[in-house]
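Order of the sequence lines sets the chain letters (A, B, ...), proteins ahead of strands, with each chain counted from 1. Keep in mind the model is a prediction, meaning the values are calculated, not measured.
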Amino acid sequence: MGKPARDRVPEVHTTGEDQIATAFAARQGRAALMPYLMGGFPDVPQSLSIGLACADNGADLVELGVPYSDPLADGPVIHAAGTAALRAGVRMGDVLGVGEELSRRLPVVLMCYVNLVLARTPDGFARDLAKAGVSGLIVPDLPLEEATEIRAACDEHGVALVPLVAPTTPDDRLRAIGEQARGFVYTVSVVGTTGERAGGDGGYREILDRVRAHARVPVAIGFGISAPDQACAAADAGADGVIVGTRLVRAAAESDAPATAVGDLVAQLSAGLIR
Amino acid sequence: MSLVEAGVEHRFGPYGGQYVPETLMPALAELETAWVAAREDPGYRAELGGLLRDYAGRPTPLYLAGRLSEVAGREIWLKREDLMHTGSHKINNALGQALLAKRMGKQRIIAETGAGQHGVATATACALLNLECVVYMGAEDIRRQAPNVQRMRLLGAEVVSVQAGARTLKEAVSEAIRDWVTTVATSHYIIGSAVGPAPYPALVRDLQRVIGDEARASLLERAERLPDRVIACVGGGSNSIGIFTAFVGDPDVRLIGVEAAGEGLDSGRHGAPLTAGGRAGVLHGSLSAIMQDEDGQVTEAHSVSAGLDYPGSGPEHAHLRDSGRASYVAVSDEDALAAYREVARLEGIIPALETAHALHYAMHEDGGGSTLDLICLSGRGDKDLAEVMSHDG
């Protein structure tokens, strides 16, 4: 893998939240594109290549998944990719290494289950993320009630702790979550785990409107969005950002040239978002 | 029937909590509200009490096991949960939660099972109450607990084979939670042990504490004393928390949880996170004693008994351990298999392999001056015959 063609100029004193805000704002009216990739899958160098291919093909940020033994929020495709990475011996340090390389190109938001955070202690984990240049952290099994200590540690080290909301989240919870949101609000578009779903554009606007009413940061949407027309529908429904995961992880799993395959899909998604 | 008077705890000391996807948080709040209302409701209590008595066989006998007592050198009293309908204590919780699901208007039930006992109990409750039932079970457990799989299917449940990881209880729970994340509007998840996000550890304990309440009253009446020790096996910890709870306020009664040492604590192939100690972690929605590596990846448990083959433990147990109120020990596969046979010959009772861990401890480990042990005989062992025979010789 060659060096990145151009390095993002590091702004020494910006926080992760600033970097994320800049990435969203740069899109000027169209939704930011945030591909998900599983760190260390199919292997560590190829996952870096996949991330760089995302950056080269129109991604504004990347969501970098950490393989985990018990991923409760993930469907079979991402679960299987994480399991394969763990079996191949991928460790947290390897994924942070990928994050460090990618963060030279675009903001990286780590998606990581809570036990991996607690294992390094919240403070230690946030410090390691900051050291690697990672801008944000998404913890899919960390609801508002459990987030206080980890959010404080992230704040301390300039890492944005991005909360998730779901269609089942009532308005009073949306308000409380929105008040504590850093970076953006990750809106789960469906009641379910990660995975590709046909159609699904009917419900984006309702949930996005509800979330936006309570959020003071950008609102991104993910889970179940895989095709360019779905990404476009989410953008039309008012999403500030669109997250596509399972479709890309499946491409990485099925292709002999994972970075090329994922890069092509990201290019299609990016083109679809331009109106 | 006696239910706990306290509120629904979210934390036991530092342990417990609700580490689940946001999608489930409203459902957990709904469940807690429903439980607080139900357990105070005379109608619910009468209905559950009636089913436990007339349908499931409560109260269960308390039996002074004479020949076991001779071997142990002290009185051994057995609380006979193995005589409950479906063959274990699991029906106490399954009936209570299935009735609760009906109150909440949920027509579809999800459950996980390891040994199959909780799956059979839940399938039974669902047949009785006309609820749809889906049971997740690891492929390895389906292999070693075949009779219970046939039972669940006969009772009308769908049994889903889980192929991930070590294909045992941990993966079955994870898959059940994923189902619930997807179907939460119409489904209730009946978790089988005192684990999971709040309010489950408290809810399951409330429904299982009938074991200890009955045993305590019965022992006071017949032996005219309290036990020196209360001993129960611990996987997730539902039969043990069920029998411990009545005695927590009796400072002279020692509470001992017996985990699975598997091939030995030093081998790493065990199911004894409370005994082994180490850093606490999050598994299946709560912070407790778990088996994990340095990065925080949850490691695979091992036990000859499917019900103890679990790398986590109930958060209340972790707190009882830290506070010194209960102690936790571990018994190996080999010793549990021997106790299974020994108790069959001595008492004409074939215990579940899970329970055999506790029985070995009472019979063959130092009694610490105890003159009377109370043991929760949590289940019957017919389901384990094929597995035990495969270890023969």
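- Of the listed residues (A/Pro163, A/Pro167, A/Pro140), the one with the most heavy-atom contacts under 4.5 Å to chain B is A/Pro140.
- If you measure heavy-atom distances from A/Thr83 to chain B, you find no contacts under 4.5 Å at all.
- Contact count against chain A (heavy-atom pairs under 4.5 Å) is highest for B/Arg178 among B/Glu300, B/His284, B/Arg178, B/Met25.
- A donor-acceptor pair shorter than 3.5 Å cannot be found between the side chains of B/Tyr136 and B/Glu171.
- Screening B/Val181, B/Asp179, B/Val173 for a side-chain contact (heavy atoms from CB on, under 4.5 Å) involving B/Tyr189 leaves a single residue, B/Val173.
- Only the side chain of B/Ala164 comes within less than 4.5 Å of a heavy atom of chain A; its backbone N, CA, C and O stay farther away.
- For A/Glu254, the CD atom counts as densely surrounded, since its 6.0 Å shell holds more than 12 non-hydrogen atoms of other residues, nucleotides or ligands.
- In this structure, the portions of A/Val191 lying under 4.5 Å from any heavy atom of chain B include both its backbone and its side chain.
- Enclosure of atom CG in A/Asp172 by more than 12 non-hydrogen atoms of other residues, nucleotides or ligands within 6.0 angstrom is indicated.
- Interface remark: B/Pro21 contributes backbone and side-chain atoms alike to the contact with chain A (heavy atom separation under 4.5 Å).
- Contact annotation for A/Pro71: both backbone and side-chain heavy atoms come within less than 4.5 Å of a heavy atom of chain B.
- Note on A/Arg127 versus A/Asp123: salt bridge recorded, some NZ/NE/NH1/NH2 to OD/OE distance being below 4.0 Å.
- The candidate with the highest count of non-hydrogen atom pairs below 4.5 Å against chain B, out of A/Leu144, A/Asn115, A/Thr168, is A/Asn115.
- For A/Glu149, the CD atom is loosely surrounded, since the number of other residues' heavy atoms within 6.0 Å does not exceed 12.
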